[in-house]
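Below: one structure, written as C-alpha coordinates.
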Protein chains: 2
Amino acid sequence: MDAKTLCLGALMHGEASGYEIRKLFEGGPFSAIYDVSYGSIYPALTVLLDKEWATCCVAEQDGRPDKKVYSITSDGRAAFLDALASTPAPDKMRSEMLFILSFGDHLPRANVLNLIDRYIADYEGRLGSIHDCGDDTDLPAVRRFVHNFGITMYETALDYLRTHRADLTEESNLALDSTIAIKNQPAVSGSMQ
Amino acid sequence: MDAKTLCLGALMHGEASGYEIRKLFEGGPFSAIYDVSYGSIYPALTVLLDKEWATCCVAEQDGRPDKKVYSITSDGRAAFLDALASTPAPDKMRSEMLFILSFGDHLPRANVLNLIDRYIADYEGRLGSIHDCGDDTDLPAVRRFVHNFGITMYETALDYLRTHRADLTEESNLALDSTIAIKNQPAVSGSMQ
DNA sequence: CCAGCATATATCGAACCGATACAAACCGTT
DNA sequence: AACGGTTTGTATCGGTTCGATATATGCTGG
(Lines give C-alpha, C1' and ligand atoms only; values in the text may rest on other atoms or scores of the structure.)
Protein backbone atom coordinates (compact mmCIF):
# COMPACT_ATOMS: atom_id res chain seq x y z
CA MET A 1 0.00 0.00 0.00
CA ASP A 2 1.74 3.13 -1.21
CA ALA A 3 1.69 6.60 0.28
CA LYS A 4 -0.61 7.91 -2.46
CA THR A 5 -3.37 5.50 -1.44
CA LEU A 6 -2.87 6.31 2.23
CA CYS A 7 -3.18 10.04 1.51
CA LEU A 8 -6.28 9.49 -0.59
CA GLY A 9 -7.75 7.54 2.29
CA ALA A 10 -7.07 10.42 4.64
CA LEU A 11 -8.66 12.85 2.17
CA MET A 12 -11.75 10.62 2.00
CA HIS A 13 -12.49 11.85 5.53
CA GLY A 14 -12.34 15.46 4.35
CA GLU A 15 -9.90 18.05 3.07
CA ALA A 16 -6.59 18.27 4.89
CA SER A 17 -3.05 19.58 4.73
CA GLY A 18 0.05 17.40 4.69
CA TYR A 19 0.61 18.20 8.33
CA GLU A 20 -2.96 17.23 9.23
CA ILE A 21 -2.69 13.98 7.28
CA ARG A 22 0.37 13.08 9.29
CA LYS A 23 -1.59 13.74 12.50
CA LEU A 24 -4.31 11.34 11.36
CA PHE A 25 -1.69 8.59 11.34
CA GLU A 26 0.01 9.77 14.52
CA GLY A 27 -2.53 9.82 17.29
CA GLY A 28 -5.50 10.12 14.95
CA PRO A 29 -7.99 7.50 13.77
CA PHE A 30 -5.37 5.71 11.65
CA SER A 31 -2.77 5.50 14.44
CA ALA A 32 -3.55 1.89 15.33
CA ILE A 33 -3.70 0.85 11.69
CA TYR A 34 -0.85 2.27 9.67
CA ASP A 35 2.13 4.53 9.80
CA VAL A 36 3.48 6.91 7.20
CA SER A 37 6.03 9.72 7.43
CA TYR A 38 6.30 13.27 6.09
CA GLY A 39 8.96 12.07 3.70
CA SER A 40 6.30 9.99 1.97
CA ILE A 41 3.29 12.26 2.41
CA TYR A 42 4.53 15.47 0.76
CA PRO A 43 5.87 13.81 -2.41
CA ALA A 44 2.68 11.74 -2.60
CA LEU A 45 0.50 14.86 -2.43
CA THR A 46 2.47 16.37 -5.33
CA VAL A 47 1.79 13.24 -7.37
CA LEU A 48 -1.91 13.39 -6.47
CA LEU A 49 -2.05 16.91 -7.92
CA ASP A 50 -0.26 15.70 -11.08
CA LYS A 51 -2.75 12.90 -11.57
CA GLU A 52 -5.61 15.29 -10.73
CA TRP A 53 -6.72 12.98 -7.94
CA ALA A 54 -6.63 15.94 -5.59
CA THR A 55 -6.84 19.73 -5.75
CA CYS A 56 -5.04 22.21 -3.56
CA CYS A 57 -5.56 25.71 -2.30
CA VAL A 58 -3.65 27.85 0.19
CA ALA A 59 -5.54 28.73 3.35
CA GLU A 60 -4.47 31.71 5.46
CA GLN A 61 -4.92 31.31 9.18
CA ASP A 62 -4.53 33.77 12.00
CA GLY A 63 -2.03 32.93 14.66
CA ARG A 64 -0.57 30.16 12.49
CA PRO A 65 1.42 29.77 9.30
CA ASP A 66 -0.46 29.36 6.04
CA LYS A 67 -1.33 25.82 5.00
CA LYS A 68 -1.98 24.06 1.71
CA VAL A 69 -5.31 22.30 1.93
CA TYR A 70 -5.86 19.29 -0.33
CA SER A 71 -9.23 17.92 -1.44
CA ILE A 72 -9.92 14.63 -3.18
CA THR A 73 -11.52 14.76 -6.64
CA SER A 74 -14.04 12.29 -8.05
CA ASP A 75 -11.21 10.76 -10.12
CA GLY A 76 -9.29 10.43 -6.88
CA ARG A 77 -12.22 8.75 -5.18
CA ALA A 78 -12.51 6.27 -8.05
CA ALA A 79 -8.77 5.54 -7.96
CA PHE A 80 -8.95 5.03 -4.21
CA LEU A 81 -11.84 2.57 -4.36
CA ASP A 82 -9.95 0.79 -7.10
CA ALA A 83 -6.89 0.52 -4.85
CA LEU A 84 -9.03 -0.86 -2.03
CA ALA A 85 -10.05 -3.76 -4.28
CA SER A 86 -6.50 -5.16 -4.47
CA THR A 87 -5.64 -8.07 -2.18
CA PRO A 88 -4.19 -6.69 1.04
CA ALA A 89 -0.71 -7.68 2.20
CA PRO A 90 -0.50 -9.42 5.60
CA ASP A 91 -0.05 -7.23 8.67
CA LYS A 92 3.44 -6.11 9.49
CA MET A 93 4.46 -5.35 13.05
CA ARG A 94 7.71 -3.65 14.01
CA SER A 95 8.34 -3.53 17.70
CA GLU A 96 11.83 -2.62 18.81
CA MET A 97 10.56 -2.82 22.38
CA LEU A 98 9.56 -6.48 22.09
CA PHE A 99 12.69 -7.32 20.14
CA ILE A 100 14.89 -5.91 22.87
CA LEU A 101 12.72 -7.49 25.56
CA SER A 102 13.07 -10.89 23.90
CA PHE A 103 16.77 -10.66 24.75
CA GLY A 104 16.00 -9.64 28.30
CA ASP A 105 17.97 -12.61 29.63
CA HIS A 106 21.13 -10.81 28.55
CA LEU A 107 20.12 -7.54 30.21
CA PRO A 108 19.98 -6.49 33.85
CA ARG A 109 16.54 -7.22 35.22
CA ALA A 110 16.13 -3.58 36.28
CA ASN A 111 16.52 -2.48 32.65
CA VAL A 112 13.90 -4.98 31.57
CA LEU A 113 11.40 -3.67 34.08
CA ASN A 114 12.23 -0.12 33.05
CA LEU A 115 11.60 -1.03 29.42
CA ILE A 116 8.24 -2.56 30.28
CA ASP A 117 7.29 0.59 32.19
CA ARG A 118 8.05 2.74 29.18
CA TYR A 119 6.17 0.28 26.98
CA ILE A 120 3.15 0.65 29.26
CA ALA A 121 3.41 4.45 29.20
CA ASP A 122 3.57 4.38 25.40
CA TYR A 123 0.43 2.29 25.08
CA GLU A 124 -1.39 4.36 27.67
CA GLY A 125 -0.74 7.36 25.44
CA ARG A 126 -1.96 5.53 22.38
CA LEU A 127 -5.12 4.42 24.12
CA GLY A 128 -5.73 7.96 25.31
CA SER A 129 -5.36 9.53 21.88
CA ILE A 130 -7.49 6.88 20.21
CA HIS A 131 -10.23 7.65 22.71
CA ASP A 132 -9.87 11.38 22.11
CA CYS A 133 -10.11 11.14 18.37
CA GLY A 134 -13.72 10.11 18.09
CA ASP A 135 -16.78 8.76 19.78
CA ASP A 136 -17.73 5.13 19.38
CA THR A 137 -21.44 5.79 19.00
CA ASP A 138 -21.55 8.21 16.06
CA LEU A 139 -19.59 5.90 13.76
CA PRO A 140 -21.15 3.63 11.14
CA ALA A 141 -21.00 -0.09 11.90
CA VAL A 142 -17.82 -1.04 10.02
CA ARG A 143 -15.89 2.00 11.24
CA ARG A 144 -16.94 1.14 14.78
CA PHE A 145 -15.70 -2.41 14.17
CA VAL A 146 -12.21 -1.16 13.33
CA HIS A 147 -12.21 1.54 16.00
CA ASN A 148 -13.05 -0.92 18.78
CA PHE A 149 -10.59 -3.45 17.40
CA GLY A 150 -7.81 -0.98 18.04
CA ILE A 151 -9.04 -0.19 21.53
CA THR A 152 -9.38 -3.88 22.35
CA MET A 153 -5.84 -4.62 21.18
CA TYR A 154 -4.37 -1.72 23.13
CA GLU A 155 -6.27 -2.62 26.29
CA THR A 156 -5.18 -6.24 26.00
CA ALA A 157 -1.56 -5.21 25.58
CA LEU A 158 -1.75 -2.94 28.63
CA ASP A 159 -3.48 -5.58 30.69
CA TYR A 160 -0.89 -8.18 29.79
CA LEU A 161 2.05 -5.91 30.46
CA ARG A 162 0.72 -4.78 33.83
CA THR A 163 -0.18 -8.22 35.15
CA HIS A 164 2.83 -10.15 33.88
CA ARG A 165 5.35 -7.49 34.80
CA ALA A 166 4.88 -8.75 38.33
CA ASP A 167 6.11 -12.23 37.33
CA LEU A 168 9.48 -10.69 36.54
CA THR A 169 9.86 -8.81 39.82
CA GLU A 170 9.40 -11.98 41.90
CA GLU A 171 12.69 -13.53 40.93
CA SER A 172 14.49 -10.24 40.36
CA ASN A 173 17.28 -11.20 42.73
CA LEU A 174 18.26 -14.20 40.62
CA ALA A 175 20.49 -14.27 37.56
CA LEU A 176 21.47 -10.61 37.64
CA ASP A 177 24.89 -11.47 36.27
CA SER A 178 23.65 -12.97 33.00
CA THR A 179 24.83 -9.87 31.14
CA ILE A 180 28.42 -10.52 32.04
CA ALA A 181 28.12 -14.24 31.64
CA ILE A 182 27.02 -14.08 28.02
CA LYS A 183 30.22 -12.44 26.92
CA ASN A 184 32.14 -15.62 27.51
CA GLN A 185 29.49 -18.04 26.35
CA PRO A 186 29.57 -19.50 22.85
CA ALA A 187 26.46 -19.12 20.70
CA VAL A 188 23.91 -21.82 21.33
CA SER A 189 24.39 -24.27 18.47
CA GLY A 190 22.34 -27.12 17.14
CA SER A 191 19.10 -25.62 18.38
CA MET A 192 17.97 -24.82 14.85
CA GLN A 193 16.97 -28.20 13.37
CA MET B 1 16.58 -0.81 14.25
CA ASP B 2 18.58 -1.78 11.21
CA ALA B 3 18.87 -5.13 9.49
CA LYS B 4 22.35 -5.73 10.90
CA THR B 5 21.04 -5.67 14.47
CA LEU B 6 18.11 -7.90 13.56
CA CYS B 7 20.45 -10.44 11.97
CA LEU B 8 22.76 -10.35 14.98
CA GLY B 9 19.73 -10.99 17.17
CA ALA B 10 18.83 -14.01 15.09
CA LEU B 11 22.41 -15.30 15.32
CA MET B 12 22.30 -14.89 19.11
CA HIS B 13 19.96 -17.91 19.05
CA GLY B 14 22.54 -19.92 17.14
CA GLU B 15 24.22 -20.15 13.77
CA ALA B 16 21.96 -19.74 10.77
CA SER B 17 21.86 -19.09 7.03
CA GLY B 18 20.20 -16.08 5.43
CA TYR B 19 17.26 -18.24 4.49
CA GLU B 20 16.89 -19.55 8.02
CA ILE B 21 17.08 -16.04 9.46
CA ARG B 22 14.21 -15.01 7.23
CA LYS B 23 12.19 -17.97 8.51
CA LEU B 24 12.77 -16.82 12.09
CA PHE B 25 10.95 -13.60 11.20
CA GLU B 26 8.31 -15.33 9.08
CA GLY B 27 6.54 -17.89 11.19
CA GLY B 28 9.39 -18.24 13.66
CA PRO B 29 9.83 -16.80 17.16
CA PHE B 30 10.27 -13.24 15.81
CA SER B 31 7.16 -13.34 13.61
CA ALA B 32 4.97 -11.45 16.07
CA ILE B 33 7.70 -8.92 16.79
CA TYR B 34 9.40 -7.71 13.67
CA ASP B 35 9.59 -8.15 9.92
CA VAL B 36 12.60 -8.02 7.63
CA SER B 37 13.02 -9.08 4.02
CA TYR B 38 15.68 -10.95 2.05
CA GLY B 39 16.62 -7.70 0.38
CA SER B 40 17.83 -6.45 3.76
CA ILE B 41 19.15 -9.69 5.23
CA TYR B 42 21.70 -10.69 2.60
CA PRO B 43 23.39 -7.29 2.33
CA ALA B 44 23.38 -7.06 6.13
CA LEU B 45 25.15 -10.43 6.47
CA THR B 46 27.85 -9.24 4.07
CA VAL B 47 28.41 -6.19 6.26
CA LEU B 48 28.56 -8.39 9.38
CA LEU B 49 31.41 -10.34 7.78
CA ASP B 50 33.18 -7.08 6.88
CA LYS B 51 32.95 -5.86 10.45
CA GLU B 52 33.94 -9.32 11.73
CA TRP B 53 30.77 -9.48 13.77
CA ALA B 54 30.03 -12.82 12.17
CA THR B 55 31.90 -15.64 10.47
CA CYS B 56 30.65 -17.79 7.63
CA CYS B 57 31.24 -21.27 6.29
CA VAL B 58 29.56 -23.24 3.54
CA ALA B 59 27.62 -26.31 4.61
CA GLU B 60 26.86 -29.07 2.14
CA GLN B 61 23.55 -30.81 2.64
CA ASP B 62 22.10 -33.87 0.96
CA GLY B 63 18.80 -33.42 -0.80
CA ARG B 64 19.15 -29.64 -0.63
CA PRO B 65 21.32 -26.86 -2.08
CA ASP B 66 24.40 -25.80 -0.15
CA LYS B 67 23.95 -23.08 2.43
CA LYS B 68 26.19 -20.43 3.94
CA VAL B 69 26.00 -20.71 7.69
CA TYR B 70 26.76 -17.60 9.72
CA SER B 71 27.91 -17.50 13.35
CA ILE B 72 28.13 -14.49 15.62
CA THR B 73 31.56 -13.56 17.02
CA SER B 74 32.26 -12.13 20.45
CA ASP B 75 32.72 -8.72 18.82
CA GLY B 76 29.32 -9.24 17.25
CA ARG B 77 27.80 -10.13 20.59
CA ALA B 78 29.25 -6.98 22.12
CA ALA B 79 27.97 -4.83 19.26
CA PHE B 80 24.55 -6.41 19.59
CA LEU B 81 24.26 -5.78 23.33
CA ASP B 82 25.40 -2.25 22.62
CA ALA B 83 22.62 -1.80 20.08
CA LEU B 84 20.06 -3.13 22.58
CA ALA B 85 20.98 -0.30 24.93
CA SER B 86 19.68 2.40 22.57
CA THR B 87 16.22 3.80 23.24
CA PRO B 88 13.70 1.79 21.22
CA ALA B 89 11.44 3.49 18.69
CA PRO B 90 7.69 3.18 19.29
CA ASP B 91 5.89 0.21 17.75
CA LYS B 92 4.85 0.53 14.14
CA MET B 93 1.88 -1.36 12.79
CA ARG B 94 1.04 -1.66 9.11
CA SER B 95 -2.24 -3.33 8.41
CA GLU B 96 -3.61 -3.02 4.92
CA MET B 97 -6.50 -5.22 6.03
CA LEU B 98 -7.63 -2.79 8.74
CA PHE B 99 -7.04 0.20 6.49
CA ILE B 100 -9.31 -1.26 3.82
CA LEU B 101 -11.82 -2.37 6.44
CA SER B 102 -11.97 1.15 7.87
CA PHE B 103 -13.47 2.19 4.53
CA GLY B 104 -15.91 -0.69 4.63
CA ASP B 105 -18.85 1.73 4.35
CA HIS B 106 -17.82 2.34 0.76
CA LEU B 107 -17.58 -1.39 -0.02
CA PRO B 108 -20.25 -4.05 -0.53
CA ARG B 109 -20.96 -5.72 2.78
CA ALA B 110 -20.17 -9.14 1.30
CA ASN B 111 -16.62 -7.97 0.49
CA VAL B 112 -16.18 -6.72 4.03
CA LEU B 113 -17.19 -10.07 5.50
CA ASN B 114 -14.93 -11.82 3.03
CA LEU B 115 -12.03 -9.62 4.11
CA ILE B 116 -12.67 -10.40 7.75
CA ASP B 117 -12.70 -14.11 6.97
CA ARG B 118 -9.33 -13.88 5.31
CA TYR B 119 -8.08 -11.79 8.21
CA ILE B 120 -9.17 -14.54 10.60
CA ALA B 121 -7.51 -17.20 8.47
CA ASP B 122 -4.29 -15.19 8.44
CA TYR B 123 -4.19 -14.86 12.21
CA GLU B 124 -5.09 -18.51 12.70
CA GLY B 125 -2.01 -19.35 10.68
CA ARG B 126 0.13 -16.99 12.72
CA LEU B 127 -1.13 -18.42 15.98
CA GLY B 128 -0.45 -21.92 14.70
CA SER B 129 3.11 -21.21 13.67
CA ILE B 130 3.89 -19.36 16.89
CA HIS B 131 2.70 -22.38 18.83
CA ASP B 132 4.80 -24.70 16.66
CA CYS B 133 7.99 -22.74 17.07
CA GLY B 134 8.62 -23.47 20.72
CA ASP B 135 7.27 -24.65 24.01
CA ASP B 136 6.24 -22.16 26.66
CA THR B 137 7.74 -24.10 29.55
CA ASP B 138 11.35 -24.48 28.50
CA LEU B 139 11.87 -20.74 27.98
CA PRO B 140 13.50 -18.43 30.53
CA ALA B 141 11.15 -15.98 32.22
CA VAL B 142 11.63 -12.93 29.99
CA ARG B 143 11.46 -14.96 26.78
CA ARG B 144 8.25 -16.54 28.04
CA PHE B 145 6.92 -13.05 28.76
CA VAL B 146 7.40 -12.01 25.13
CA HIS B 147 6.27 -15.36 23.72
CA ASN B 148 2.98 -15.29 25.61
CA PHE B 149 2.48 -11.63 24.79
CA GLY B 150 2.36 -12.55 21.11
CA ILE B 151 -0.01 -15.43 21.73
CA THR B 152 -2.28 -13.25 23.84
CA MET B 153 -2.42 -10.56 21.18
CA TYR B 154 -3.16 -13.04 18.41
CA GLU B 155 -5.85 -14.78 20.44
CA THR B 156 -7.47 -11.46 21.30
CA ALA B 157 -7.50 -10.42 17.67
CA LEU B 158 -9.07 -13.72 16.63
CA ASP B 159 -11.62 -13.54 19.40
CA TYR B 160 -12.61 -10.00 18.48
CA LEU B 161 -12.86 -10.72 14.77
CA ARG B 162 -14.97 -13.83 15.29
CA THR B 163 -17.43 -12.34 17.76
CA HIS B 164 -17.87 -8.94 16.14
CA ARG B 165 -18.09 -10.28 12.61
CA ALA B 166 -21.60 -11.29 13.57
CA ASP B 167 -22.56 -7.66 14.25
CA LEU B 168 -21.97 -6.90 10.59
CA THR B 169 -24.07 -9.77 9.25
CA GLU B 170 -27.17 -8.64 11.16
CA GLU B 171 -27.78 -5.58 9.07
CA SER B 172 -26.21 -6.98 5.90
CA ASN B 173 -29.34 -6.23 3.88
CA LEU B 174 -29.05 -2.49 4.48
CA ALA B 175 -26.99 0.02 2.57
CA LEU B 176 -25.68 -2.35 -0.06
CA ASP B 177 -25.58 0.44 -2.62
CA SER B 178 -23.18 2.70 -0.71
CA THR B 179 -20.42 1.82 -3.18
CA ILE B 180 -22.28 3.39 -6.04
CA ALA B 181 -23.59 6.26 -3.99
CA ILE B 182 -20.15 7.49 -2.96
CA LYS B 183 -19.15 8.21 -6.52
CA ASN B 184 -21.51 11.16 -6.68
CA GLN B 185 -21.03 12.40 -3.16
CA PRO B 186 -18.71 15.28 -2.37
CA ALA B 187 -16.02 14.72 0.23
CA VAL B 188 -17.23 15.28 3.76
CA SER B 189 -15.94 18.70 4.68
CA GLY B 190 -15.60 20.55 7.92
CA SER B 191 -15.29 17.36 9.95
CA MET B 192 -11.66 18.08 10.70
CA GLN B 193 -11.68 20.79 13.35
C1' DC C 1 8.80 -36.31 -17.40
C1' DC C 2 7.48 -32.24 -16.18
C1' DA C 3 5.22 -28.87 -13.35
C1' DG C 4 5.21 -27.26 -8.92
C1' DC C 5 7.19 -26.63 -4.54
C1' DA C 6 10.72 -25.99 -0.87
C1' DT C 7 15.33 -24.73 -0.18
C1' DA C 8 18.90 -21.39 -1.01
C1' DT C 9 21.58 -17.01 -2.55
C1' DA C 10 21.58 -12.64 -4.56
C1' DT C 11 20.42 -8.17 -6.76
C1' DC C 12 18.03 -4.00 -8.31
C1' DG C 13 14.87 -0.20 -8.94
C1' DA C 14 11.33 1.92 -6.62
C1' DA C 15 9.62 3.30 -2.41
C1' DC C 16 10.11 4.77 2.07
C1' DC C 17 12.05 6.53 6.63
C1' DG C 18 14.17 9.68 9.72
C1' DA C 19 16.54 13.54 10.23
C1' DT C 20 17.11 17.96 9.04
C1' DA C 21 16.28 22.65 7.38
C1' DC C 22 13.43 26.41 7.06
C1' DA C 23 9.79 29.56 8.54
C1' DA C 24 5.83 31.82 11.01
C1' DA C 25 3.70 32.60 15.24
C1' DC C 26 2.85 31.67 19.81
C1' DC C 27 4.32 31.14 24.85
C1' DG C 28 6.70 32.14 29.29
C1' DT C 29 10.58 34.32 31.56
C1' DT C 30 14.26 36.95 33.09
C1' DA D 1 12.22 43.37 24.68
C1' DA D 2 15.04 39.79 23.74
C1' DC D 3 15.55 34.95 24.27
C1' DG D 4 14.62 30.09 24.04
C1' DG D 5 11.07 26.55 23.58
C1' DT D 6 6.88 24.68 21.52
C1' DT D 7 3.39 24.10 17.93
C1' DT D 8 2.10 24.54 13.32
C1' DG D 9 3.51 24.06 8.71
C1' DT D 10 6.19 22.77 4.07
C1' DA D 11 9.88 20.47 1.97
C1' DT D 12 14.02 17.70 0.78
C1' DC D 13 17.71 14.35 0.86
C1' DG D 14 20.81 10.49 1.95
C1' DG D 15 20.58 6.12 3.33
C1' DT D 16 17.83 2.10 4.20
C1' DT D 17 14.43 -1.12 3.10
C1' DC D 18 10.96 -3.51 0.33
C1' DG D 19 9.15 -6.47 -3.11
C1' DA D 20 9.84 -8.57 -7.16
C1' DT D 21 12.74 -11.07 -9.83
C1' DA D 22 16.53 -14.15 -11.43
C1' DT D 23 19.05 -18.25 -10.78
C1' DA D 24 19.83 -22.90 -9.19
C1' DT D 25 19.28 -27.60 -6.79
C1' DG D 26 16.54 -31.35 -5.72
C1' DC D 27 12.30 -33.39 -4.05
C1' DT D 28 7.42 -35.01 -4.95
C1' DG D 29 3.09 -36.04 -7.27
C1' DG D 30 0.33 -36.74 -11.40
Side-chain angles (χ1 to χ4, degrees), chain A residues 1-7 10 15-28 34-50 54 56-70 83 86-94 96 99 129 192-193, chain B residues 1-7 10 15-28 34-50 54 56-70 83 86-94 96 99 129 192-193:
Chain A
M1 181 142 304
D2 57 4
K4 293 191 297 297
T5 308
L6 296 172
C7 287
E15 54 177 32
S17 65
Y19 186 73
E20 286 164 340
I21 290 175
R22 175 74 241 255
K23 294 299 164 198
L24 292 178
F25 288 91
E26 184 199 1
Y34 223 95
D35 196 78
V36 64
S37 71
Y38 286 125
S40 301
I41 290 171
Y42 283 110
L45 288 174
T46 306
V47 175
L48 291 189
L49 289 182
D50 278 5
C56 173
C57 64
V58 176
E60 296 176 24
Q61 319 180 96
D62 41 44
R64 289 176 186 182
D66 295 357
K67 63 178 175 181
K68 295 167 74 173
V69 177
Y70 294 83
S86 67
T87 1
D91 289 5
K92 293 194 194 319
M93 171 67 147
R94 301 183 157 205
E96 297 196 2
F99 186 77
S129 58
M192 201 168 327
Q193 52 111 9
Chain B
M1 182 141 301
D2 57 4
K4 292 191 296 296
T5 308
L6 296 172
C7 287
E15 52 177 33
S17 66
Y19 187 73
E20 285 165 340
I21 289 175
R22 176 75 241 259
K23 294 300 163 197
L24 292 178
F25 288 91
E26 183 200 0
Y34 223 94
D35 197 78
V36 63
S37 71
Y38 286 123
S40 301
I41 290 172
Y42 283 110
L45 288 175
T46 305
V47 175
L48 292 189
L49 289 183
D50 278 6
C56 172
C57 65
V58 176
E60 295 176 24
Q61 319 181 96
D62 40 44
R64 287 177 188 182
D66 295 357
K67 64 177 175 181
K68 294 166 75 173
V69 178
Y70 294 81
S86 67
T87 359
D91 289 5
K92 293 193 192 322
M93 171 67 146
R94 301 185 155 202
E96 297 196 2
F99 186 76
S129 57
M192 199 168 332
Q193 54 110 7

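Values below: every heavy atom of this structure, side chains too, minus hydrogens, waters and symmetry copies. Chain letters run A, B, ... following the sequence lines, proteins first, then strands; residues in each count from 1.
Taking the screw axis at each terminus of the helix from dC1(C)-dG30(D) to dT30(C)-dA1(D) from five consecutive base pairs, the angle between the two is 30° to within rounding of 10 degrees.
Protein atom CZ of Arg22(A) is 14 Å distant from nucleotide atom P of dT10(D), rounded to whole Å. Nucleotide dT8(D) holds its P atom 12 Å from the OH atom of Tyr42(A), rounded to whole Å. Spacing between atom NZ of Lys23(A) and atom C1' of dT10(D) amounts to 13 Å, rounded to whole angstrom units.
Read 5' to 3', the first and last nucleotides of DNA chain C with an atom closer than 4.0 Å to a heavy atom of chain A are dC16(C) to dC26(C).
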With the sugar-phosphate defined as primed atoms, P, OP1 and OP2, and the base as all remaining atoms, what B/S/- string results for nucleotides 13-30 of chain D, 5' to 3', for protein heavy atoms under 4.0 Å? ----SBB-----BSS---

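Applying the salt bridge (Lys or Arg N to Asp or Glu O under 4.0 Å) test to Asp91(B) and every residue at least two apart in sequence or in another chain returns nothing. Pro90(B) meets the side chain to side chain contact (heavy atoms under 4.5 Å, CB included) test with Asp122(A), Arg126(A), Lys92(B); sequence neighbours excluded. Take Glu60(A) and apply the side chain to side chain contact (heavy atoms under 4.5 Å, CB included) test, not counting sequence neighbours, and it matches Asp66(A). For Ser40(A), the side chain to side chain donor-acceptor pair (under 3.5 Å) test picks out no residue, with sequence neighbours left out. Applying the salt bridge (Lys or Arg N to Asp or Glu O under 4.0 Å) criterion to Asp2(B), with sequence neighbours excluded, gives Lys4(B). Evaluation of the side chain to side chain contact (heavy atoms under 4.5 Å, CB included) rule for Phe25(A) yields Leu6(A), Ala10(A), Ile21(A), Phe30(A), Tyr34(A), Val36(A), Phe99(B) as partners, not counting sequence neighbours. The side chain to side chain contact (heavy atoms under 4.5 Å, CB included) test applied to Ala89(A) returns Glu96(B), not counting sequence neighbours.
A sub-4.0 Å separation between OP1 or OP2 of dT10(D) and a side-chain N or O of Ser17(A) is present.
A pairwise comparison of heavy atoms in Tyr19(B) and Tyr42(B) identifies N-OH, 3.5 Å as the closest pair. Nearest heavy atom pair, residue Leu45(A) against residue Gly18(A), reads CD1-CA, 3.7 Å. Ala54(B) and Leu49(B) make their closest contact through O-CD2, 3.1 Å (heavy atoms, listed as atom of the first residue, atom of the second, distance).
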